[in-house]
Amino acid sequence: MQRQIGHLKGKSEGPTVIFFAGIHGNEPAGVFALQEVFSELKGQENELFGEFIGVAGNLKALKKQVRFLEEDLNRIWQPHRLGSFLQNKDEAMYEAEELVELFGLIQQVIANCNRPIYFIDLHTTSGETEPFIVMNDSLLNRRFAKNFPFPVILGIEEYLNGALLSQINEMGYVSIGFESGQHHSEEAIANAKYFIRYTLALVGITNEDHKTLLNKKSHLGRANNGSQQFYEIYYQHLIGDNPSFKMLPGFANFQSVPKGIAFAMNGDGLITTTKKRKLFMPLYQDKGDEGFYFIRGIPNFFLALSKYLRKLALDRCLSLLPGITWTSSRRESMVVNRKVARFFAKSFFHLFGYRTREIDTNHLVLKSRERNSKTLEYRRAKWY
């Protein structure tokens, strides 16, 4: 398999959309969907606007149909590791080579392609699921994601360190992930294909009138009855050094599990809900460090409040609180003394557009999702 799945450049100027697929080698649905769409659009370049690019991720893992060979390609995009890979490839592993190639391609797209640029990562899940969108919580990403008839998961970057889309989001571009269904299912391929075609129409790569666009959106929404609920992750179960972890059969993504139900097990015995929980991304495969998550819906009031607070840039007042200081004059992130932070729920900082990460036992770092957003580049887009 080659790195480039396809590349179509329209006769007229327009935006650039780059889709990644197969970042995990056991998730080929996105690759198949892209191949089909490129085949359908081949020869129609004169009718397209801008550029449509499809990129395969972990090539050898895709060939072997495994998630990764040495290390998860979607967990190694931390700035310090990225710098190490680009300079000397100090960590001699296969996935480092993949990362260097992919990052070079991303840089080429940013340097040479027309604005605005959209980065979309296609994935599937090991358990049964309806399609959904996952993204870093910037207002720009939110506005784009609202155009899709799917649930949207916010805050995963607090739990998944080193994801590809987090790196791209740091650059300020629209970047979302789409989970189209269960690995290897025909529905996952079909959902990904419909998603790609709708996205191309939404951003203006293909010229669709308003009625046709709405019909495409309606067709896309049949996979999950058009639900657009926003959710946030509030708990992650890491497997760690407990290789005996196993999900019990029959649990699906977004399933509400009543109190007192056993749904997984590990070396310590059964894992049982202590109250009603909504399950997210239950692990039904051999490789992976995250056993499951719990999520909860975000009321529209809090979505609106956070938008208002961010628009007014009231986060600048946070540094007036004791124990909170800016890390640089650019004010992209803050360091928080944990003795102070314990009086504030994470959701308080989320309202202002910050996500937290522990840097040592005494401090957290809060990083803004709004500072680098290239919102001005997207304001003329018809979806904005």
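Listed for the Glu95 side chain is no donor-acceptor partner under 3.5 Å among the backbone atoms of Asp72. Judged by distance alone, with hydrogens and angles left aside, the side-chain atoms of Glu290 form no donor-acceptor pair with the main-chain N or O of Gln236 at under 3.5 Å. Remark: the backbone N or O of Lys193 is not paired with any side-chain donor or acceptor of Tyr198 at under 3.5 angstrom. At least one donor-acceptor pair closer than 3.5 Å links the side chain of Lys287 to the backbone N or O of Phe68.
The 12-atom threshold is exceeded at CZ of Phe348, counting heavy atoms of other residues, nucleotides or ligands nearer than 6.0 Å.
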Show me the side-chain donor-acceptor pairs of residues 4-19 shorter than 3.5 Å, one per line, residues at least two apart or across chains.
unit_1: His7; atom_1: NE2; unit_2: Glu51; atom_2: OE1; d: 2.6
unit_1: Thr16; atom_1: OG1; unit_2: Asn114; atom_2: O; d: 2.8

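Proximity of the aromatic rings of Phe150 and Phe178 is defined here by a centroid distance below 6.0 angstrom, and this criterion is met. Taking the six-membered ring for Trp and the full ring otherwise, Tyr235 and Phe294 have centroids separated by under 6.0 Å.
Taking the centre and axis of the six-membered ring of Tyr173, the NZ or CZ atom of Lys374 falls inside the cone set by 45° and 6.0 Å.
Nearest heavy-atom pair across Val174 and Asn141 is CA-OD1, 3.4 Å. Minimum interatomic distance between Ser175 and Asn169 (heavy atoms only, all atoms of both residues): OG-OD1, 3.4 Å. Here the closest heavy-atom approach between residue Trp326 and residue Ser333 is recorded as CE3-O, 3.4 Å.
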Subject >> Worked check of salt bridge (charged side-chain N to carboxylate O under 4.0 Å, His left out) between Arg369 and Asp315 >> reply: CA-CA 11 Å; Arg369 289 303 175 211; Asp315 61 302; over 6 Å; no
